Amino acid sequence: MSSESGTQLDVAIIGSGIIGICAAVFLTEAGRKVTVFDRTGICEETSAGNASAFAFSDVLPLAHKGMVRQLPKWLADPLGPLSIPPAYLPKLLPWLIRFWRAGAQAKYESSLAAQAGMMKLAEAEWMSLFDRSATRRMLREDGSLELYESEGEFRASLSGWAARERFGIGFRHVAGEELAALQPGLSRRFLKGTFVPGWKTADDPKLLGKAVWAYAEGLGACFERASVERVDAGRDGATLRLADGTERQAKHLVIAAGAWSHLLARPLGDRIPLETERGYNTTLPTTAFDVKRQLIFSGHGFVVTPLSTGLRVGGAVELGGLDRPPNFARSRAMLEKAGRFLPGLDPSGGREWMGFRPSMPDSLPVIGTSRLSANVVYAFGHGHLGLTQAAATGRLIRELVLGQVPAIDLRPYSPQRF
């Protein structure tokens, strides 16, 4: 189904990734008429190739996870966990300064509490949405295993686990036979691990997104394939200007366009410091290795996820903007490491991929109304946690559009917080 031009839409959503899809679900369930716009299709871009984790225990903002301390070592390796193309550094510098400030101890508790509050809501809303959309069969509840190569690396993780424990997140540290039982065939270089039983994954994030959209479509949501080049807003709604020269009018507008969202927000008076984390992965055939649950190699910045459609090896961060060509040497470097960590891994027959994570300096998403018009709502900037936080964001967007009291305090996620 598609909308008719020339008539005012009730709710327009720009972006058909998992955030936009979940916003469409919650709004259609509330009886609103929703039209989603995207240049490609349903969950065809970043939401198609992510690591497939529902990382509800990942409450530590990136700036507090030892990333600042690791920066010099990581940047020295052009194919390591973090890369910044030298030519892009001047443009990136303001974001990096904000990222460094976000790691200040004074901001730690407020950032941690905000992320933990979002995660608690996210888990509850996802579990309910799985049941309503009949997609629970697509959820894997095998937990995750984070791995350490030295006693020092393990000890450095303990403060983070203590912070999670304060918010009721369950885990246990493992070694020896228990570690080997959780993942047979693991290299002996890993001395210890942390098992998180509550960690979940989707059997394939693209297929899940399409299934959730099918539920929204069954409730009346519409999709229009179109590239939105600019939006304008006033007291009575918003105007979407499309690449083909046509316009659409909408009473309410939700901007959920991932890494491109800040470009649409700028004409509305909001200069939002969003940066693009380019993530890489390779999806191998399901026969490549018998991985029991998501494996997290935090010291190397990547994960290995068993999917119904393959074995996905990916992660890492390249802060390089939207326009540079992919550097698939990064995905090959992760695959080579995975072969050392999982002896016997078959690296053949893989599909390489790159996607754009929309990342904020403080690791908190942007959820709130535009400076110019309360009829325009933002839902972007989730970084590594878009799939994890999508259902919570969908509920919060519904509450903002309907003028209801939000389920959690939205001040930490304000578009104007910077």
Side-chain angles (χ1 to χ4, degrees), residues 9 11-15 17 19-20 23 27 36-39 46 61 91-99 101-102 107 110-111 114-115 118 227-242 247-277 319 321-323 356-383 385-386 389-390 392-394 396-403 406 408-418:
L9 304 170
V11 182
I13 298 175
I14 303 175
I19 300 294
L27 287 164
V36 177
F37 293 83
D38 196 281
R39 64 186 183 182
T46 302
K91 184 176 181 180
L92 182 65
L93 197 57
W95 187 94
L96 285 174
I97 291 170
R98 287 189 171 102
F99 178 79
R101 288 174 177 165
K107 296 186 177 182
S110 59
S111 295
Q115 198 70 290
M118 174 65 83
S227 180
V228 180
E229 293 200 331
R230 180 184 170 93
V231 297
D232 296 297
R235 189 176 304 169
D236 299 322
T239 301
L240 287 69
R241 305 186 189 279
L242 309 185
E247 295 183 352
R248 302 288 187 275
Q249 308 293 326
K251 184 178 179 182
H252 295 277
L253 172 63
V254 179
I255 296 179
W260 289 264
S261 299
H262 63 306
L263 303 177
L264 295 170
R266 197 170 295 162
L268 302 178
D270 291 299
R271 297 187 68 85
I272 296 171
L274 182 145
E275 191 47 67
T276 305
E277 281 187 50
L319 293 164
L322 293 167
D323 301 321
F356 300 96
R357 306 185 192 104
S359 295
M360 300 297 295
D362 58 2
S363 299
L364 298 177
V366 174
I367 302 173
T369 57
S370 79
R371 192 183 302 272
L372 199 62
S373 171
N375 289 10
V376 178
V377 179
Y378 299 140
F380 58 84
H382 297 74
L385 300 169
Q389 297 179 343
T393 303
L396 295 168
I397 294 305
R398 181 195 69 194
E399 291 164 343
L400 286 170
V401 170
L402 271 55
I408 57 176
D409 181 4
L410 290 184
R411 284 176 295 181
Y413 319 100
S414 167
Q416 292 83 36
R417 66 185 185 268
F418 294 96

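Keep in mind that this is a model prediction, so the values were computed, not measured. Note: hydrogens, waters and symmetry copies are ignored here, and every other heavy atom, side chains too, is used. We're numbering straight along the sequence, starting at 1.
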CD1 of Ile19 to OG1 of Thr46, rounded to nearest 0.5 Å, is 11.0 Å
Partners passing ring pair (Phe, Tyr, Trp, His ring centres under 6.0 Å) against Tyr413 (at least two apart in sequence or in another chain): none
Could you walk me through whether Val377 and His252 satisfy the side-chain contact (heavy atoms from CB on, under 4.5 Å) test, starting with their C-alpha distance in whole Å, then the side-chain angles of each, then the deciding distance to 0.1 Å, before giving a yes or no? CA-CA 8 Å; Val377 179; His252 295 277; over 6 Å; no
So Leu410 and Leu400, side-chain contact (heavy atoms from CB on, under 4.5 Å) or not? Walk me through it. CA-CA 10 Å; Leu410 290 184; Leu400 286 170; 3.9 Å; yes
Nearest heavy-atom contact between Phe380 and Ile272 is CZ-CD1, 3.6 Å
Could you pull out the closest heavy-atom pair between Gly258 and Pro358, with the gap in Å? C-CB, 3.5 Å
How would you list, by chain and number, every residue that makes a side chain to side chain contact (heavy atoms under 4.5 Å, CB included) with Pro273, sequence neighbours excluded? Arg98, Met360, Pro361, Phe418
Nearest-0.5 Å distance that lies between atom CZ in Arg39 and atom CG in Leu242: 14.0 Å
Mind listing the closest non-hydrogen atom pair of Ala250 and Leu240 along with its distance? CB-CD1, 4.4 Å
Quick check: closest heavy atoms across Lys107 and Ala102, and the distance to 0.1 Å? CB-O, 4.1 Å
Does atom CZ of Arg271 have more than 12 heavy-atom neighbours, drawn from other residues, nucleotides or ligands, at distances under 6.0 Å? no
Indicate the atoms forming the closest heavy-atom contact of Asp38 with Gly17, along with that distance. OD2-N, 4.5 Å
Which value, rounded to the nearest 0.5 Å, describes the distance between Asp362 atom CG and Arg101 atom CZ? 13.0 Å
Sole residue of Leu9, Ile13, Leu253 in side chain to side chain contact (heavy atoms under 4.5 Å, CB included) with Phe37: Leu9
Identify the residue among Asn375, Asp270, Val231 that makes a side chain to side chain contact (heavy atoms under 4.5 Å, CB included) with Ser370. Asp270
If I take atom CG from residue Asp409 and atom CE from residue Met118, how far apart are they, to the nearest 0.5 angstrom? 11.0 Å
Using modelled atom types and a 3.5 Å cut-off, is there a donor and acceptor pairing between side-chain atoms of Ser261 and backbone atoms of Ala256? no
Leu264 vs Ile14, test: side-chain contact (heavy atoms from CB on, under 4.5 Å). Steps then yes/no. CA-CA 10 Å; Leu264 295 170; Ile14 303 175; 4.0 Å; yes
If you measure from OG1 on Thr393 to CZ on Arg398, what distance do you get to the nearest 0.5 Å? 13.0 Å
Going by side chain to side chain contact (heavy atoms under 4.5 Å, CB included), name the residues that satisfy it together with Glu229, two or more places apart in sequence or in a different chain. Ala243
What distance separates Leu92 CG from Ile97 CD1, expressed to the nearest 0.5 Å? 10.0 Å
Taking every non-hydrogen atom, the tightest pair across Arg357 and Gly383: CB-O, 3.9 Å
